[in-house]
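Heads up: the structure comes next, in structure tokens.
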Amino acid sequence: MTEFEERIATVLDELGPGDVVTYGEVAAEAGQPGAARAVGRYLRDHGSGHPWWRVVTVSGRLVPHNEDEHARRLRAEGVQIVDGRVRPG
DNA sequence: TATATGACGTTGC
DNA sequence: AGCAACGCCATAT
């Protein structure tokens with residue numbers, strides 16, 4: 001567990017219901033702007049146990065692996081989903 | 001050390 | 001708005 005990973009977990013924990021952030025945002029908050037891929041890698045490996053569904057791509061695109069499940073979790077928190085993408089607001 | 005891959009982001013068209 | 005190419009960080013072989 002590196003500091004970067006701990007930061008990611010902390011940032012995810014800082015998120016609340018209805019709040020959505022992008023991988024880049026999480027990476028930047030974690031102290032590594034541009035390490036969006038590292039964030040995705042982390043969620044893919046340690047995503048379990050953290051609100052990974054509140055993380056989307058910069059285009060509002062949901063994860064291509066669980067986009068259905070992802071969309072439901074967001075809608076369950078009041079986030080509007082359109083065509084598998086977070087509604088631009 | 002180098003090559004290949006991935007829950008990404010930005011730039012150019 | 002959508003597609004393609006390159007760049008970034010970290011891991012696996």
Side-chain angles (χ1 to χ4, degrees):
Chain A
M1 195 69 137
T2 67
E3 287 188 10
F4 182 57
E5 289 175 328
E6 277 195 38
R7 301 296 178 83
I8 295 170
T10 301
V11 174
L12 294 175
D13 185 32
E14 286 294 309
L15 298 176
D19 188 2
V20 180
V21 296
T22 70
Y23 289 88
E25 284 291 302
V26 177
E29 288 290 316
Q32 290 287 3
R37 309 206 60 155
V39 176
R41 183 199 66 73
Y42 173 81
L43 292 174
R44 212 246 206 184
D45 189 30
H46 299 279
S48 211
H50 296 286
W52 56 269
W53 57 87
R54 293 186 208 167
V55 184
V56 300
T57 73
V58 69
S59 303
R61 199 82 176 117
L62 307 178
V63 284
H65 302 265
N66 306 344
E67 112 179 67
D68 288 318
E69 189 68 22
H70 198 161
R72 306 182 200 209
R73 288 190 181 262
L74 289 177
R75 289 200 298 186
E77 298 198 344
V79 180
Q80 296 296 106
I81 306 299
V82 179
D83 190 32
R85 289 183 293 181
V86 178
R87 202 176 172 198

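Residue numbers begin at 1 in each chain, while the letters A, B, ... track the order of the sequences.
- From the 5' end on, the contacts that DNA chain C makes with chain A at under 4.0 Å to a non-hydrogen atom open and close at dG2(C) to dT11(C).
- In terms of modelled atom types and a separation under 3.5 Å, the side chain of R7(A) and the main chain of E29(A) share no donor-acceptor contact.
- The residues R41(A) and E5(A) are annotated as salt-bridged, a charged nitrogen and a carboxylate oxygen being separated by less than 4.0 angstrom.
- Only one option out of L12(A), I8(A), V21(A) pairs with V39(A) in a side chain to side chain contact (heavy atoms under 4.5 Å, CB included); it is I8(A).
- In this model, the phosphate group of dC8(B) is not approached by any side-chain N or O of R37(A) to a distance below 4.0 Å at OP1 or OP2.
- Atom CH2 in W52(A) sits about 13 Å away from atom P in dC8(B), given to the nearest Å.
- E67(A) CD to L74(A) CG: the interatomic distance, rounded to the nearest 0.5 Å, is 11.5 Å.
- Regarding L43(A), its CG atom lies at a distance of 17 Å from the P atom of dG6(B), rounded to whole Å.
- R85(A) comes within contact range of the sugar-phosphate backbone alone, with a heavy-atom separation under 4.0 Å but no base atom that close.
- Rounded to whole angstrom, the span from the CZ atom of R44(A) across to the P atom of dG6(B) amounts to 8 Å.
- Rounded to a whole Å, the NE2 atom of H70(A) is 11 Å from the P atom of dC8(B).
- H70(A) and W52(A) have perpendicular rings, their planes meeting at more than 60° on a 0 to 90° scale where under 30° would count as parallel.
- Per the geometry, CZ belonging to R41(A) stands 11 Å off C1' belonging to dA7(B), to the nearest Å.
- When all heavy atoms of E77(A) and G18(A) are compared, the closest pair comes out as OE1-N, 3.2 Å.
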